[in-house]
Amino acid sequence: MKMITPQIQIMRDHGFTRIAENLSGIPENRVCITLIDSPDPIFYDGRMFRKGMLHVCSGETIQLVARNYVSGYVISIDKKHFNQQLHNSGSAIGVCGKNFERYLQLSPEAFLKLKYYLDEMLAFNPSDSFNEESFSLQLFSLIFSPDLKLCSADDASTRGFIVNKSCKTIMKHFTDSEFSIGDLIPLLRTSRRSVQYSFQDILGMNPSTYLRYIRLNVARASLLSTKTDQINQIAIESGFSHVSRFSQYYRDFFGELPSQTLKSLSKDSHFGNRVIWL
């Protein structure tokens, strides 16, 4: 996350794995604006979030799941500063209260202008001559463009709700090797068949496969970011009880054994943090 001004921070992130998972809590004193630049839709808090959309929220926990390459920008803004700029812009999206969430649609032209400006700011090193007020005005003029529209992404469906709740529950319990999809059923108060159909419809995989993918990606992130070479320990901490089976799953998914990952550590790897692009 690059601090442009004391009120505004910008980050760009991307990943190339077959499944990306991000679970983040947004503080009540900050506003988080997410801009997706991925060609394929992303499952975002129970809805399909598409390229050119903005998600604006504060005081919320957000869940993001992507099946393919994922790329996007995150802008973190002090809430008081955001509301002041929002008021000055005359935008109709509504004042950002304690808990706040909006889906917005940019025109293709406005999307490109905002994207290029964010890239420019990420590459720029602010100097003594940097005008913070000018930067802030320019940024908000691009975010709150005249053709900005409120939208609902895609209306959250029942299956989207089931998958969203399941993913959040899985992220809380995946390190427990005894946790399985059967444990979701009483928590969701639905049938196993509904959970199976929902995952297949929304994510194109069954829930057991999704749980295994999460554990595998957590293990890979640990292998690439830790100094230990204790593969057995990492496997157990990632929710696998059988190390030999873990190695087989890992090779099938990533095309190499865990030991090979350790030998080919690269600082440029997209799997090196738990922020998380898993």
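One is the number of the first residue; the rest follow in order along the sequence.
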(Q) Can a side-chain donor-acceptor contact be found between Y210 and S166 if the only test is distance below 3.5 angstrom? (A)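 The answer is no; no qualifying pair exists.
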Would you check if the side chain of [X] reaches a backbone N or O of [Y] as a donor-acceptor pair within less than 3.5 Å?
X: N88; Y: Q84; answer: yes
X: S198; Y: S194; answer: yes
X: T209; Y: M205; answer: no

Might you point out which heavy atoms bring [X] and [Y] nearest each other, and give the distance in Å?
X: I234; Y: S238; result: O-OG, 2.8 Å
X: S177; Y: F240; result: CB-C, 4.3 Å
X: R30; Y: I26; result: O-CG2, 3.9 Å

Q. What residues form a salt bridge (Lys or Arg N to Asp or Glu O under 4.0 Å) with D119, not counting sequence neighbours?
A.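 If we apply the salt bridge (Lys or Arg N to Asp or Glu O under 4.0 Å) test to D119, skipping adjacent residues, the hits are R12, K115.
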Q.
Under the criterion salt bridge (charged side-chain N to carboxylate O under 4.0 Å, His left out), I'd like the reasoning laid out for E256 against R220: C-alpha separation, chi angles, the key distance, then a yes or no.
A. CA-CA 11 Å; E256 62 182 18; R220 185 172 179 87; 3.2 Å; yes
Q: Working to the nearest 0.5 Å, report the span between OG of S145 and CZ of F111.
A: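 Going from the OG atom of S145 to the CZ atom of F111 covers 12.5 Å.
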Q) Would the number of heavy atoms belonging to other residues, nucleotides or ligands and lying under 6.0 Å from NZ of K113 be above 12? A)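 At most 12 heavy atoms, drawn from other residues, nucleotides or ligands, come within 6.0 Å of this atom.
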Q: Verify the ring-centre separation between F140 and H81: is it less than 6.0 angstrom?
A: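 Yes - the distance between ring centres of H81 and F140 falls below the 6.0 Å cut-off.
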Q. Are the aromatic rings of F253 and Y213 close, with centres under 6.0 Å apart?
A.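 When the ring centroids of F253 and Y213 are compared, they turn out to be within the sub-6.0 Å range.
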Q) side-chain contact (heavy atoms from CB on, under 4.5 Å) with I33: which of I8, L114, V74, I77? A)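 For I33, the side-chain contact (heavy atoms from CB on, under 4.5 Å) check succeeds only for I77.
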